[in-house]
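So that the names make sense, note that chain A is the first sequence line, chain B the second, and so on, each numbered from 1.
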Amino acid sequence: MPELPEVQTIVDDLNKKIIGRRITDVWFDTPKIIKKPKPAELEKQIKGLKIVDVRRKGKNILVYLTNNKQPTTNDFLLLIHQKLTGHLLYGKWQIKKVSGIKYQVSSLISGSLEEKVNNYIHLIFYLDNDWQLALSDLRKFAKVLFGPKEEIENLPDLKKIGPEPLARNFDISAFQNLIKRERRKIKQVLMDQEVIAGIGNIYSDEILWQAKIHPFMPTYKLKTYQLKNLYKAMRQILQKAIKLRGTSISDFRDTGGKPGAYTEIRKVYQREGEPCNRCGTPIKRVKIGGRSAHYCPKCQSNCE
DNA sequence: ATGACGTCCTGCCTGC
DNA sequence: TGCAGGCAGGACGTCA
């Protein structure tokens with residue numbers, strides 16, 4: 001599932017590939033993904049706009065557009081949240097109607113890493129260079145919002161998101177201040193997008209393993225040295241994962257369809273029963289609020 | 001304030 | 001072999 005490093009990988013790719021392009025057309029077969037405006041309105045409103053920037057806020061991809069007339073009052077924003085299984089792909093596809101509402105989307109690029117037929121592409125933006133930006137999503141949980149920049153930026157979807165863990169001004173004391181007032185288990189706090197942006201199930205497990213902290217540890221009980229370790233682990237692991245272009249457990253792919261390399265060096269996530277890299281103890285998996293947590297019962301035994 | 005659970009969705013795995 | 005049932009999981013809503 002795309003978390004901060006995976007989304008950053010996509011955003012970096014898009015900055016190389018789609019800046020300056022104009023959107024010439026839109027196709028979709030799953031209207032529920034488009035939360036704003038009304039799905040039928042999207043094409044009319046976005047057609048002709050030029051892509052000027054692509055950024056990330058938490059796990060959200062932000063595509064900034066303009067109509068080039070009066071830039072300050074005519075800027076627009078396309079927000080894409082990939083949720084569990086969404087990915088943005090840059091390529092060329094052909095759409096064939098199979099029946100009333102069924103379509104078949106197949107890649108026109110020979111040697112493409114993507115399978116020839118992609119049953120999960122539900123939304124395509126056509127660009128003025130003959131290429132396309134497609135949203136593929138097996139579970140159809142992804143969400144897309146589009147509108148005037150100010151309006152989208154002020155929606156709770158973006159407004160409520162906490163600070164970026166890798167931001168230069170997010171130092172140890174800023175981190176401590178946020179974390180210390182929490183009463184929940186540390187794993188849940190790390191994954192709460194309103195506390196810190198971009199961390200999900202995979203990286204919270206990895207960060208806690210590196211910091212040697214039990215996922216169930218009540219946050220207010222963390223000692224100062226543990227908070228320091230946690231902060232350091234968070235920055236290190238996220239940076240490393242960005243360098244390796246993310247983790248591909250569920251089915252993350254970059255915009256060219258390639259998996260991320262962090263998968264190879266992960267220490268706990270989906271390694272239940274395998275030996276801990278530090279002490280050899282089998283990795284344990286437990287449920288916490290409907291999510292699974294993976295940890296080493298020996299290295300991370302400091303609960304209670 | 002916290003937590004537990006249901007919802008969305010579908011490929012995959014298990015068990016009979 | 002085949003099919004039913006359970007599971008995963010980010011964000012959000014509901015209820016205790």
Quiz item: Looking at side-chain heavy atoms only, is the closest gap between A/Lys267 and A/Gln210 below 4.5 Å?
Solution: no
Quiz item: Any side-chain donor-acceptor pair under 3.5 Å between A/Asp192 and A/Gln188?
Solution: no
Quiz item: Which is true for A/Glu3 with a 4.0 Å heavy-atom rule: it touches a base, it touches only sugar-phosphate, or it touches nothing?
Solution: nothing
Quiz item: In whole angstrom, what separates A/Gln270's CD from B/dC13's C1'?
Solution: 13 Å
Quiz item: Would you say A/Gln188 reaches B/dT2's phosphate, i.e. side-chain N/O to OP1/OP2 under 4.0 Å?
Solution: no
Quiz item: Going by distance alone, is a donor N or O of one side chain under 3.5 Å from an acceptor N or O of the other, for A/His294 and A/Asp205?
Solution: yes
Quiz item: With a 3.5 Å cut-off and no angle check, do the side chains of A/Asp29 and A/His122 form a donor-acceptor pair?
Solution: yes
Quiz item: What pairs meet the salt bridge (charged side-chain N to carboxylate O under 4.0 Å, His left out) rule with one or both residues in residues 79-91 of chain A, with sequence neighbours excluded?
Solution: none
Practice problem: Look at all strands and tell whether A/Asp137 reaches a base, only sugar-phosphate, or nothing, counting heavy atoms closer than 4.0 Å. | Solution: nothing
Self-check item: Trace of the side chain to side chain contact (heavy atoms under 4.5 Å, CB included) decision for A/Val11 with A/Val54
Solution: CA-CA 6 Å; A/Val11 165; A/Val54 186; 4.1 Å; yes
Practice problem: Between A/Glu194 and A/Tyr269, just flag the one whose closest nucleotide in DNA chain C comes earlier from the 5' side. | Solution: A/Tyr269
Quiz item: Quick one: is A/Lys185 getting a side-chain N or O under 4.0 Å of the B/dT2 phosphate, OP1 or OP2?
Solution: no
Quiz item: Given C/dG9, C/dG10, B/dT2, which nucleotide is nearest the side-chain atoms of A/His81?
Solution: C/dG10
Quiz item: Hey, does A/Arg285 reach any base, or is it just sugar-phosphate, or nothing, if we go heavy atoms under 4.0 Å?
Solution: sugar-phosphate
Practice problem: Assess whether ring-ring contact (aromatic ring centres under 6.0 Å, His included) is satisfied between A/Phe125 and A/Phe146, documenting all intermediate values. | Solution: CA-CA 13 Å; A/Phe125 296 101; A/Phe146 170 79; 8.6 Å; no
Self-check item: Under 4.5 Å side-chain linkage, directly or through intermediates, the cluster mates of A/Ile283
Solution: A/Trp209, A/Val268
Exercise. Rounded off to whole Å, could you give me the CG-to-P distance for the A/Leu190 and C/dA11 pair?
Key: 13 Å
Practice problem: Can you tell me the distance, in whole Å, between the CG atom of A/Leu158 and the C1' atom of C/dG10? | Solution: 15 Å
Practice problem: Estimate the overall bend of the helix from B/dT2-C/dA16 to B/dC16-C/dG2 from the end axes over five pairs each, rounded to 10 degrees. | Solution: 60°
Practice problem: Output yes when at least one side-chain N/O atom of A/Lys160 is less than 4.0 Å from OP1 or OP2 of C/dC12, else no. | Solution: no
Quiz item: What pairs meet the salt bridge (charged side-chain N to carboxylate O under 4.0 Å, His left out) rule with one or both residues in residues 167-183 of chain A, with sequence neighbours excluded?
Solution: A/Glu182-A/Arg184
Quiz item: Of the nucleotides B/dT2, C/dA11, B/dG11, which one has an atom closest to the side chain of A/Glu182?
Solution: B/dT2
Quiz item: What are the residues of residues 139-152 of chain A, sorted by number, that bring a heavy atom to within less than 4.0 Å of DNA chain B?
Solution: A/Arg139, A/Lys140, A/Phe141
Quiz item: What's the CD-P distance between A/Glu272 and C/dA8, to the nearest Å?
Solution: 10 Å
Practice problem: Would you kindly give the CD1-to-C1' distance between A/Ile196 and C/dA11, to the nearest whole Å? | Solution: 17 Å
Quiz item: How would you list, by chain and number, every residue that makes a side chain to side chain donor-acceptor pair (under 3.5 Å) with A/Lys143, sequence neighbours excluded?
Solution: A/Asp157
Quiz item: Can you check the A/Arg291 CZ to B/dG3 P distance for me, whole Å?
Solution: 15 Å
Quiz item: From B/dC9, C/dG9, C/dA11, pick the nucleotide closest to the side chain of A/Gln193?
Solution: C/dA11
Self-check item: Interatomic distance, A/Asp192 CG vs C/dC12 C1' [rounded to whole Å]
Solution: 12 Å
Quiz item: Whole Å only: how far is the NZ atom of A/Lys32 from the C1' atom of B/dT7?
Solution: 10 Å
Exercise. Look at A/Ser292 and C/dG9 and indicate whether a side-chain polar atom (N or O) is within less than 4.0 Å of OP1 or OP2.
Key: yes
